[in-house]
Protein chains: 2
Amino acid sequence: MTPIHQFRTGITALLALVGMGAVLEFTTSTAVAQQEGRRRRGGAAETAPIEMTPDQIARLTKVANDRKLNVDDLLAAAKTYTPSGRHDEFVLFSSGGQSGQVFAIGVPSMRLLRSIAVFTPESWQGYGFSGLDDPVQERLKINGKSVPWGDTHHPALSESRGEYDGQFLFIGDKANARLAVIDLRDWETKQVVKNPLTVSDHGAAFVTPDTTYVIEGGQYATVLGYGYAPPEEYKKSYRGMVTMWKFDRENGRIDIDNSFALELPPYWQDLADAGKFASDGWFFVNSFNVEMATGGVQKGDPPFEAGASKRDMDFLHIVDWKKAEAVFKSGKAKKINGFPVIMLDTSVAEGVLYFAPEPKSPHGVDVTPNGQYMVVAGKLDPHVTVYSIEKVKKAIADKKFSGKDDYGVPILDFDAVKEAQVELGLGPLHTQFDDKGYAYTSLFLDSAVARWTLGGEYEKMHAEQPWKLVTKTPVQYNIGHLCAAEGDTAKPAGKYLIAMNKWSVDRFLTTGPLLPQNFQLVDIGAPGTTMPVLYDMPIGVGEPHYCQMINVDKLKSWKVYPEVGWNSHTQSLDPRAPKKGQEGVVREGNKVTVNMVAIRSHFAPEHVMVNEGDEVVWRIVSTETTVDATHGFCIGGYNINLSLEPGKFIEVRFIADKAGTYPYYCTEFCSALHLEMMGYFHVKPKAGSAAEEKPTKQ
Amino acid sequence: MTPIHQFRTGITALLALVGMGAVLEFTTSTAVAQQEGRRRRGGAAETAPIEMTPDQIARLTKVANDRKLNVDDLLAAAKTYTPSGRHDEFVLFSSGGQSGQVFAIGVPSMRLLRSIAVFTPESWQGYGFSGLDDPVQERLKINGKSVPWGDTHHPALSESRGEYDGQFLFIGDKANARLAVIDLRDWETKQVVKNPLTVSDHGAAFVTPDTTYVIEGGQYATVLGYGYAPPEEYKKSYRGMVTMWKFDRENGRIDIDNSFALELPPYWQDLADAGKFASDGWFFVNSFNVEMATGGVQKGDPPFEAGASKRDMDFLHIVDWKKAEAVFKSGKAKKINGFPVIMLDTSVAEGVLYFAPEPKSPHGVDVTPNGQYMVVAGKLDPHVTVYSIEKVKKAIADKKFSGKDDYGVPILDFDAVKEAQVELGLGPLHTQFDDKGYAYTSLFLDSAVARWTLGGEYEKMHAEQPWKLVTKTPVQYNIGHLCAAEGDTAKPAGKYLIAMNKWSVDRFLTTGPLLPQNFQLVDIGAPGTTMPVLYDMPIGVGEPHYCQMINVDKLKSWKVYPEVGWNSHTQSLDPRAPKKGQEGVVREGNKVTVNMVAIRSHFAPEHVMVNEGDEVVWRIVSTETTVDATHGFCIGGYNINLSLEPGKFIEVRFIADKAGTYPYYCTEFCSALHLEMMGYFHVKPKAGSAAEEKPTKQ
């Protein structure tokens with residue numbers, strides 16, 4: 001049966017009960033045929049090429065003129081419009097910034113397909129609204145206190161051999177230095193780990209080519225392990241860090257016990273990228289504020305933004321992580337706040353960490369698909385700087401150092417490791433790659449995307465000179481990150497690029513003083529200087545920072561849960577899930593267990609009677625197996641709302657602390673008799689309690 | 001200065017500080033010119049009608065064929081595509097269902113412009129994350145306990161003379177029977193009122209033609225005032241209600257002291273609509289479960305969905321609200337849980353309440369633009385039933401009653417008040433109107449939108465017979481509400497209609513077991529049988545129920561706050577807002593007041609020193625006046641995040657209960673030196689506390 005058939009069957013069965021069966025049965029087949037006719041797009045008949053008649057051209061031209069569209073607009077519309085039932089080619093997984101969530105967006109239609117709740121409770125998804133011991137609320141605690149929001153920055157799709165494999169998504173919380181794991185079978189967050197060393201971070205998450213580790217870089221130096229020191233002790237007591245979270249792919253969880261960190265100088269480490277192929281086993285982190293400015297405009301010192309921008313060079317951190325892993329495994333890490341840290345002196349002694357000079361307060365470091373080059377954009381320098389891994393390895397072997405920093409870390413000679421510098425424009429931030437030997441860099445101050453050529457083995461892929469600017473496309477306005485299709489992997493797909501513009505100013509309607517961001521879709525399909533903006537997508541649900549774009553064929557998401565009674569927290573069948581026939585209420589002392597089954601259009605049982613003060617354990621399972629037949633479950637006034645996708649089981653626990661008669665109902669419109677899918681939760685007052693006296697007529 | 005000029009000027013000033021001024025100054029003018037060229041769309045040169053050349057037609061045809069688009073797709077694309085910088089014609093304000101929020105969507109582009117946080121804290125908007133006494137967290141408490149989510153159902157734009165005036169938006173929370181007020185100057189929620197009579201509701205919000213009152217209907221009957229009664233006492237003790245919240249437009253707040261409710265029989269009241277013109281002074285509420293079924297499938301009784309669907313007729317509730325207001329003002333209401341309620345016997349005695357029979361479990365009641373007809377869709381009946389207000393008034397005057405219900409309410413004779421019945425199809429739910437004398441009804445089971453003709457004075461507006469089905473357009477799938485442009489007002493705009501489909505099944509990529517809903521844009525611009533679906537918009541951030549579509553010209557939203565130092569909760573200048581020069585920290589005993597100013601790209605002060613255990617009052621003002629120059633402010637680990645739009649002032653209070661050194665930073669990417677916009681909050685440990693021993697090296 002198709003989903004629609006299943007849906008109709010469910011409705012028919014119910015309506016038969018209420019005397020509507022016959023009339024419905026009669027018309028159902030017609031309705032289904034209509035629906036399926038519409039759905040059968042893309043079949044042979046409809047893929048026949050069109051040729052427009054003069055009349056059709058006239059109609060199209062009239063619509064264009066009525067709406068003041070030009071021919072470029074019509075082309076852009078045709079390149080992005082995705083008819084009903086046709087699926088997008090790519091999905092963009094975008095951080096939601098300080099909304100704490102992740103957004104999934106279809107490309108090229110630029111439609112927001114779904115939000116995934118991560119660090120901020122979200123009631124539509126029932127994320128954090130299942131009563132006492134709610135697993136979400138538990139995992140969002142820091143030092144025992146609830147911190148129910150995050151500032152998501154950099155999503156990282158899991159990779160196999162440097163390519164996205166579509167299995168997991170990692171995302172960091174800058175505000176609270178946390179890392180979350182999302183399972184892309186059911187698009188739910190499964191784990192949140194808190195970094196015990198630092199308050200906030202920035203450089204999470206980035207994966208090694210087989211997702212052996214998830215890298216979390218730091219940012220604002222602190223006293224590692226939640227310590228205290230006044231600003232005068234900055235250089236002595238403050239430190240940066242980078243953490244290597246071991247990923248257990250089998251369990252789909254971070255393996256905290258096999259994770260470790262590296263102590264770093266109190267420069268503000270920024271983004272990271274892992275090497276691959278030629279650079280496999282290494283990762284790279286850039287930094288700013290090697291000046292170690294501590295602000296103090298009140299005392300007449302330069303403010304942070306000036307003090308941290310004085311020097312011409314900051315330090316690219318070059319980490320031999322396979323060596324670091326060996327050092328950790330050999331027991332040479334020390335524990336800070338219970339977490340193993342390879343201290344700076346050990347990293348220097350063991351050859352784990354090197355620096356290379358990098359121009360002026362860089363923001364992004366990005367490794368080319370072949371792993372041979374690392375591209376750094378110094379945001380206060382008009383160039384990108386390209387480093388060669390071969391040159392880095394040789395410089396290390398040859399000890400081509402220009403000195404050491406204050407903490408003893410050897411600094412590689414800039415000219416010895418530099419491959420090229422390419423002048424692009426003002427405020428270069430981040431770089432992505434395509435399948436034609438081009439790189440793309442966001443220019444914040446220019447508000448533009450620059451296309452430039454790679455050299456080396458990429459030279460044969462394009463018609464231009466290597467290491468040269470090819471063209472710039474203006475974007476609106478103030479681009480931060482950018483994202484090409486699979487553009488940070490070993491096999492970029494080309495075709496589409498997203499400019500993640502931080503300001504929209506006048507692009508959309510005024511939505512009050514708080515405006516959306518603007519994701520612009522850029523067509524990078526043609527080589528050379530043609531690179532038009534196709535679409536403006538307002539982002540008014542958060543402030544995304546970075547995103548990754550994956551081909552939809554790589555995603556193997558579940559349409560329904562594998563078995564009825566599924567616990568999505570453990571990703572397994574839950575033996576506690578009630579089965580049909582087990583519906584009812586069981587009392588043991590003052591503990592009441594409700595065994596509930598939900599299926600269109602009723603909850604069984606339909607009345608639950610407890611006494612004021614009882615502990616209530618409410619077990620609810622959806623026995624639906626039809627795609628999209630999601631139910632919700634809420635108890636008014638009791639702060640409980642669940643999303644019960646087909647097959648899901650959830651256990652809720654709470655104290656019936658307020659007497660009264662409370663409706664519970666299905667919060668997800670599930671059928672024609674959805675409003676009738678309800679019941680009553682009766683909390684009988686204790687003798688003498690306020691609710692015993694019915695206040696109906698006073 | 002244009003916003004972009006202002007932005008550039010700010011950046012230039014900062015970069016001058018760090019030695020980049022000259023190079024930036026040189027190129028800024030070029031960049032601005034590029035931007036403005038792009039923005040000057042819609043000027044005379046670009047509005048010249050196009051005529052496509054054969055080459056352009058060939059290019060467009062090639063794109064269409066590459067993407068397997070047909071000519072209808074190209075037409076739909078041209079009707080919806082909205083180029084960069086061009087604004088939408090309408091805004092859809094949609095409830096977000098159990099997400100607790102409201103979504104604003106541009107039409108015809110179908111782009112989500114913004115989410116507005118209402119019942120669920122949301123960190124991007126800083127909604128509920130300002131520490132102790134946070135106004136949002138306070139207003140979300142029920143009986144002293146936090147209930148930080150809602151199930152938003154029906155938005156209502158404020159009206160003047162029955163037309164949207166663009167000033168306020170009201171939205172109900174079904175799960176907890178609350179009503180919120182959003183101010184459309186800054187798109188922020190200003191007030192949440194809790195209904196003291198009932199646990200949950202459904203029929204909020206609907207306004208009277210001048211927004212004198214906001215109507216909140218009930219749904220599942222309970223013991224009014226949070227009372228308790230077992231199901232056996234249903235008929236005796238359970239009641240429905242409808243509440244009339246008085247709106248004070250001057251203050252932009254519900255005036256609780258002048259609000260009141262009507263007791264109703266324990267039928268499940270559903271949606272409401274207020275009369276206008278001929279029906280001004282009346283409102284209408286429909287109901288289902290007049291059977292007063294109480295479920296009990298475990299005892300062998302029919303389940304709720306069957307028990308509540310047995311009878312052929314339910315009751316349309318007809319309320320003379322001007323009379324009810326007079327009754328309330330004359331002191332005839334009784335208090336339940338402290339709230340004035342006009343009891344059923346009073347309503348009957350005073351002629352406030354009448355019933356009319358309505359077929360089979362209706363869901364929607366909708367008044368025609370001229371106020372003469374009320375359209376009811378019985379969801380288990382294939383017709384819509386049209387009532388005439390003149391016939392109702394006459395039947396009341398003539399006492400044409402067919403009896404009384406169990407509670408003494410007079411039932412008007414069906415044939416005496418019925419104007420027409422129109423057979424449309426299966427599962428009719430809701431009706432909207434256009435500017436051509438057509439009505440549109442959603443058909444849930446048919447998954448279709450029906451267009452049908454109105455009679456009476458509308459007859460001259462269309463070419464068809466009155467009260468007849470004209471055409472049906474299939475939608476995908478299972479439409480609930482629908483919304484035509486200003487289609488529930490005195491002056492519908494026609495042109496566009498939204499089908500709010502509850503299931504998407506196969507329309508979009510599988511996003512795990514939880515799928516988006518599907519808003520389909522339907523072109524209702526042409527009369528007769530042509531009514532194509534133009535666009536599918538996935539809604540993956542909540543489950544909307546109803547929406548209203550307003551012409552953008554009616555919105556007069558603020559681009560920035562009117563003055564620097566604005567308190568958005570009071571909508572006035574806040575004397576506590578620090579001014580430039582007042583930045584700093586003031587200590588009084590163990591209370592520390594921080595006076596902070598935020599402007600690109602720094603916070604002043606940059607260091608705040610307190611002692612563990614201090615009470616901290618943090619006052620922060622953004623002195624920005626540039627459109628879109630929003631800053632964020634968070635203190636890592638302290639669960640605080642603010643959204644500081646230009647001019648906004650916020651006061652935060654918290655206890656510095658954990659020693660350590662905490663970075664605070666700007667959470668909204670504001671400039672090239674955004675990452676440098678930070679400072680340190682130093683909480684000096686008490687003697688002997690854990691953090692006094694720095695854990696750096698153990």
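Proteins come first, then strands; the chains are lettered A, B, ... in the order of their sequence lines, and each starts at number 1.
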*asked:* Taking the basic N atoms (NZ, or NE/NH1/NH2) and the acidic carboxylate oxygens, is any pair closer than 4.0 Å for B:E668 and A:K502?
replied: no
*How close do A:L509 and B:V91 get, heavy atom to heavy atom, and via which atoms?*
CD1-CG2, 3.1 Å
_chain A interface, residue from B:N641, B:V147, B:D151 that has the most non-hydrogen pairs under 4.5 Å_ = B:N641
*Side chain from CB out, backbone as N, CA, C, O: work out which of these in B:S200 comes under 4.5 Å of a heavy atom of chain A, or both, or neither.*
side chain
*Just give me the residue among B:A104, B:G636, B:G480, B:P231 that pairs up with chain A most often, heavy atom to heavy atom, under 4.5 Å.*
B:P231
*Does a side-chain heavy-atom distance below 4.5 Å link A:M52 with B:L60?*
yes
*Name the region of B:F129, side chain, backbone, both or neither, that has any atom closer than 4.5 Å to a heavy atom of chain A.*
side chain
*chain A contact via B:R59 - which portion, at a heavy-atom distance below 4.5 Å*: both
*Report the option among A:A175, A:G106, A:S504, A:G97 that has the most heavy-atom pairs separated by less than 4.5 Å from atoms of chain B.*
A:A175
_Once salt bridge (Lys or Arg N to Asp or Glu O under 4.0 Å) is applied, do any residues pair with B:E645, and if so which ones, sequence neighbours excluded?_
B:K648
*asked:* Below 4.5 Å, heavy-atom pairs only: which of A:K658, A:E122, A:E188, A:M537 has the largest tally toward chain B?
replied: A:K658
*Which atoms of B:T120 come close to chain A, meaning under 4.5 Å heavy atom to heavy atom: side chain ones, backbone ones, both, or neither?*
side chain
*Please confirm whether the backbone N or O of A:G637 pairs with a side-chain atom of B:N176, one donor and one acceptor, at under 3.5 Å?*
yes
*Kindly compute the distance separating CD1 (A:I50) from CG (B:N70), expressed to the nearest 0.5 Å.*
7.0 Å
*Could you tell me if the ring centre of B:Y228 sits under 6.0 Å from that of A:Y662?*
no
*A:L69 to B:A78 - nearest heavy-atom pair and separation*: CD1-O, 3.3 Å
_Please identify, among B:K684, B:M677, B:Q125, the residue contributing the most non-hydrogen atom pairs under 4.5 Å to chain A._
B:K684
*Go through the atoms of B:A308 and report whether side chain, backbone, both or neither lie under 4.5 Å from a heavy atom of chain A.*
side chain
_Atom of B:Q520, atom of B:V533 and distance for their closest heavy-atom approach_ = NE2-CG1, 3.8 Å
*B:F304 ring center near A:Y665 ring center (under 6.0 Å)*: no
*B:T667 portion near chain A, given a 4.5 angstrom heavy-atom threshold*: both
*Considering only heavy atoms and a distance below 4.5 Å, find which of B:S557, B:G542, B:P516 pairs most often with chain A.*
B:G542
*Max heavy-atom pair count under 4.5 Å with chain B, selected residue of A:Q56, A:R111, A:E51, A:R67*: A:R67
*Could you have a look at A:S123, A:S115, A:A76, A:P538 and say which one has the most heavy-atom pairs with chain B under 4.5 angstrom?*
A:S123
*Using non-hydrogen atoms and a 4.5 Å limit, figure out which bit of A:H87 sits close to chain B: side chain, backbone, both or neither.*
side chain
*asked:* Taking side chain as everything from C-beta outward and backbone as N, CA, C, O, which of these in B:K145 sits under 4.5 Å from a heavy atom of chain A? Side chain, backbone, both or neither.
replied: side chain
*Which residue out of B:S643, B:C634, B:P663, B:G679 racks up the most heavy-atom pairs below 4.5 Å with chain A?*
B:P663
*Just give me the residue among B:H607, B:M678, B:R185 that pairs up with chain A most often, heavy atom to heavy atom, under 4.5 Å.*
B:M678
*Among A:I142, A:T661, A:L74, A:V560, single out the residue with the greatest number of heavy-atom pairs under 4.5 Å to chain B.*
A:T661
*Any side-chain heavy atom of B:S309 within less than 4.5 Å of one from A:L673?*
yes
_Choice from A:Q98, A:K79, A:E676 maximising heavy atom contacts with chain B below 4.5 Å_ = A:Q98
*Looking only at heavy atoms, what is the nearest atom pair of B:A672 and A:L445, with distance?*
CB-CD2, 4.1 Å
